[in-house]
Number of protein chains: 2
Amino acid sequence: MQPTLNDVAREAGVSSITVSRYFNSPDSVREATRLKVEAAIEKVGYVRNLIAGSLASATSRVIPVIVPSLSNVVFIDVIKGLQDEFEAHGYQMLLGKTDYDLARETQLIRTFLGWSAAGLVVTGLRHDAATRQILEHWNQPIVEIMELGEGLDLNVGMDHVAAGRTMTEHLLARGYRDIHFAGAELDRDYRAAMRYTGHREALAAAGIEEAPLLDLPVRQQMTSGAQALERIRDQHLECDAIHFANDDMACGAILAASRLGIRIPDDIAIAGFNGLPIGEHVTPQLTTIISPREQIGRVAARKLLARIQGEPVGELSHDLGFTLRVGGST
Amino acid sequence: MQPTLNDVAREAGVSSITVSRYFNSPDSVREATRLKVEAAIEKVGYVRNLIAGSLASATSRVIPVIVPSLSNVVFIDVIKGLQDEFEAHGYQMLLGKTDYDLARETQLIRTFLGWSAAGLVVTGLRHDAATRQILEHWNQPIVEIMELGEGLDLNVGMDHVAAGRTMTEHLLARGYRDIHFAGAELDRDYRAAMRYTGHREALAAAGIEEAPLLDLPVRQQMTSGAQALERIRDQHLECDAIHFANDDMACGAILAASRLGIRIPDDIAIAGFNGLPIGEHVTPQLTTIISPREQIGRVAARKLLARIQGEPVGELSHDLGFTLRVGGST
DNA sequence: TCCACGAATGTTAGCGCTATCATGTTAGCG
DNA sequence: CGCTAACATGATAGCGCTAACATTCGTGGA
């Protein structure tokens with residue numbers, strides 16, 4: 001079958017452990033030996049058996065990443081950031097998706113830990129009891145990403161309540177008073193619900209007690225943004241601004257507005273969240289909050305790798321902040 | 001440390017191989033034994049060590065997926081399709097990214113095969129000699145995705161030359177005669193270059209020998225679409241249609257047109273490729289070719305799993321076709 | 001020249017599981 | 001009631017590698 005370390009060792013006239021050292025601590029083999037080993041590897045066409053190595057050393061260079069969905073750009077960007085860093089450091093990413101199901105998350109984690117993973121990246125701070133129990137007994141580094149708070153180990157993200165608050169404060173400062181919040185499936189997307197909480201806080205601070213909410217049960221985001229705009233225009237003539245849970249919906253609304261002859265921001269102002277490229281290309285440009293998606297991935301990966309390599313990681317919880325980008329839509 | 005099969009076996013009063021059988025061929029253990037084993041697993045908090053199992057059996061339920069980029073929605077959709085199918089069948093996806101570098105591809109494949117992977121998904125039919133050599137000697141199933149042709153093993157995709165031809169035939173049928181093709185980084189994105197080939201073929205068939213090409217070196221796709229539109233309008237007043245390499249660029253152009261007061265399709269027609277949701281939300285709606293991205297992932301996964309499980313896979317090469325969607329932009 | 005010491009290499013055992021073959025156990029039949 | 005076949009379980013060895021310790025080698029100073 002496949003050649004093994006022993007085949008290489010025989011070919012090179014050394015012992016198998018020397019070949020192993022060639023791979024794992026190259027500095028500890030002499031130049032002359034290194035060359036013999038390299039020639040032997042080339043000759044027999046050796047490919048390392050990472051499985052055997054991982055079993056013997058009880059560690060692997062695999063890092064599972066668990067996200068709720070792959071349909072949401074947000075997670076894609078985070079994955080990109082993670083992937084870049086992991087790949088650059090010779091770690092491999094094992095990708096799992098929960099579909100927002102905490103039981104599925106437990107199951108995935110259980111399977112992944114069976115790979116003697118070097119660490120774990122998991123989305124969010126909310127887990128069920130079983131997950132929590134497994135992870136508390138697991139003594140490898142863990143990063144929980146996206147939001148901030150008391151976590152299992154490391155934590156990298158941003159403050160969604162503050163983001164919602166910031167946007168609504170901006171809308172209030174612009175003079176809008178009857179502001180609706182529109183999202184889709186907020187029960188699943190609880191980080192969007194956190195932004196709604198911030199939205200409510202800002203309104204309350206301005207003496208406005210009502211915080212009308214439209215929560216659509218639709219997946220396709222741009223379409224649901226268009227729907228939300230129409231719905232609110234029909235049923236709430238007094239509404240002067242819509243604070244959308246994300247840019248997809250907000251851009252869907254802006255594009256629908258131009259079809260429907262609704263003037264933005266004169267008839268109604270539109271705000272989003274995420275800072276996707278499309279927001280800069282619609283007319284008027286979308287006012288949004290730029291979330292540090294890819295950076296969350298990068299920083300999470302770096303902190304995890306630092307922890308794995310026994311280096312200092314700094315603060316356990318890392319707030320990457322956000323930026324308000326004001327466009328013509330508000 | 002972690003409890004092992006032996007710990008479970010001792011607790012259940014059976015031998016370790018019986019516990020192994022409980023996991024790997026549950027039908028071969030008696031009901032009463034099964035219950036004892038389940039109780040023991042629960043009691044000691046056993047988590048399977050997949051690494052040890054894979055070493056002993058020389059197979060693993062890991063499937064590496066190699067794509068050139070994670071910045072392109074196309075690959076994200078394909079990954080989604082793959083992930084869904086793999087996860088549903090208990091296989092785990094190991095994600096690698098080449099950045100369009102064939103040498104990097106070789107390196108990734110070498111590493112991944114070290115995981116005793118059950119199969120492999122790789123993007124495209126173009127590989128360097130080293131990759132080809134490794135894969136030809138590897139006797140596990142492989143699927144090459146996205147385009148069609150003579151492959152290493154299985155192959156799932158669509159005909160990009162035909163797609164380019166189809167779109168240009170449509171444009172010609174609509175009466176456009178001075179059609180420019182605009183893409184970005186076509187040297188890397190050689191599938192887009194294949195569509196340009198189809199475009200040229202269609203023009204030639206209509207007796208048009210010139211096929212003006214604008215190949216921008218820009219990454220951000222919507223922006224480069226806007227740039228391309230401006231560039232072509234300024235330098236080629238006679239141009240009456242732009243065939244874009246993808247929907248991002250095409251939509252960037254449509255959105256820019258509305259800012260610049262360019263009427264579409266009266267001043268210039270715009271066509272795209274991919275069938276992204278945004279194309280249906282811009283005004284006018286984008287004429288595009290819907291590529292079966294997620295389906296490529298699904299079918300590729302199913303064929304690979306069938307092959308792994310020794311079931312018939314049908315045709316080695318599977319053409320998933322494409323659909324022309326005519327919008328108001330042409 | 002010899003010794004001492006650090007660097008380089010080797011020997012041994014075992015990581016936790018499954019393949020293989022061997023053994024025990026049950027049910028069915030004459 | 002004994003025999004057999006089918007089923008269920010067990011004993012053993014080994015997957016390919018690395019950790020831990022043991023040994024050898026090379027070099028510089030007395």
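Order of the sequence lines fixes the chain letters, A, B, ..., with proteins taken first and strands second; residue numbering starts at 1 for each chain. Values in this document were obtained by computation on a predicted structure and should not be read as measured data. Atom set for the values below is all heavy atoms of this structure, side chains included, hydrogens, waters and symmetry mates excluded.
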**Prompt:** Looking only at side chains, do A/Glu38 and A/Tyr22 share a donor and an acceptor under 3.5 Å apart?
**Reply:** yes
**Message:** Quick one, B/Thr123 with B/Thr98, criterion side-chain contact (heavy atoms from CB on, under 4.5 Å). Give me CA distance, side-chain angles, the key distance, then yes/no.
**Reply:** CA-CA 10 Å; B/Thr123 305; B/Thr98 65; over 6 Å; no
**Message:** What is the distance, to the nearest angstrom, from the CH2 atom on B/Trp115 to the C1' atom on D/dC15?
**Reply:** 15 Å
**Prompt:** When the distance from CZ of A/Arg30 to P of C/dA7 is rounded to whole Å, what number comes out?
**Reply:** 13 Å
**Item:** Spacing between B/Leu113 atom CG and D/dG16 atom P, to the nearest angstrom
**Value:** 15 Å
**Prompt:** With a 4.5 Å limit on heavy-atom distance, are the side chains of B/Leu120 and B/Pro64 in contact?
**Reply:** yes
Under 3.5 Å, which protein N or O atoms sit close to an N or O of nucleotides 10-13 of chain D? Give each pair with its distance.
unit_1	atom_1	unit_2	atom_2	d
D/dG10	OP2	B/Ser15	N	2.8
D/dG10	OP2	B/Ser15	OG	3.0
D/dG10	OP2	B/Thr18	OG1	2.6
D/dG10	N7	B/Arg21	NH1	3.4
D/dG10	O6	B/Arg21	NH2	2.6

**Presence of salt bridge, A/Glu136 and A/Arg132, under 4.0 angstrom** = no
**Request:** Nearest whole angstrom, please: distance from the P of D/dA8 to the OH of B/Tyr22.
**Result:** 16 Å
**Item:** Atom-to-atom span, CG of A/Leu5 to C1' of D/dA19 - whole angstrom
**Value:** 14 Å
**Message:** Can you measure B/Gln2 atom CD to C/dC17 atom C1' for me and round it to whole angstrom units?
**Reply:** 15 Å
**Complete:** Residue pairs meeting ring-ring contact (aromatic ring centres under 6.0 Å, His included), one or both in residues 32-52 of chain B, sequence neighbours left out, come to B/Phe23-B/Tyr46
**Side-chain donor-acceptor pair present, A/Gln107, A/Arg110, cut-off under 3.5 Å** = no
**Fill in**
Bend of the helix from C/dT1-D/dA30 to C/dG30-D/dC1 from end-axis comparison, five pairs per end, nearest 10°, comes to 40°
**Message:** Measuring to OP1 and OP2 of D/dC17, would you say a side-chain N or O of A/Ser20 lies under 4.0 angstrom away?
**Reply:** no
**Request:** Please state how far atom CG in B/Asp7 lies from atom C1' in C/dG16, giving the value in whole angstrom units.
**Result:** 11 Å
**Request:** When you get a sec, tell me which of C/dT18, D/dT18, C/dT9 is the closest nucleotide to the side chain of A/Asn24?
**Result:** D/dT18
**Prompt:** Which value, rounded to the nearest 0.5 Å, describes the distance between B/Lys303 atom NZ and B/Glu85 atom CD?
**Reply:** 13.0 Å
**Prompt:** Do any of residues 31-55 of chain B sit with a heavy atom less than 4.0 Å from DNA chain D, and if so which?
**Reply:** B/Thr33, B/Leu55
**Asked** What pairs meet the ring-ring contact (aromatic ring centres under 6.0 Å, His included) rule with one or both residues in residues 103-127 of chain B, with sequence neighbours excluded?
**Response** A/Trp115-B/Trp115
**Prompt:** What integer distance in Å separates A/Asp27:CG from C/dA7:P?
**Reply:** 12 Å
**Request:** Could you check which of C/dT18, D/dC17, C/dT26 has an atom nearest any side-chain atom of A/Thr4?
**Result:** D/dC17
**Prompt:** side-chain hydrogen bond (donor to acceptor under 3.5 Å, both in side chains) with A/Asp128: which residues, sequence neighbours excluded?
**Reply:** A/Thr106, A/Thr131
**Request:** Determine whether the side chains of A/Glu147 and A/Tyr190 contain a donor N or O and an acceptor N or O closer than 3.5 Å.
**Result:** yes
**Asked** Can you check side-chain contact (heavy atoms from CB on, under 4.5 Å) on A/Leu304 and A/Phe86, steps first, answer last?
**Response** CA-CA 10 Å; A/Leu304 195 69; A/Phe86 287 152; 4.0 Å; yes
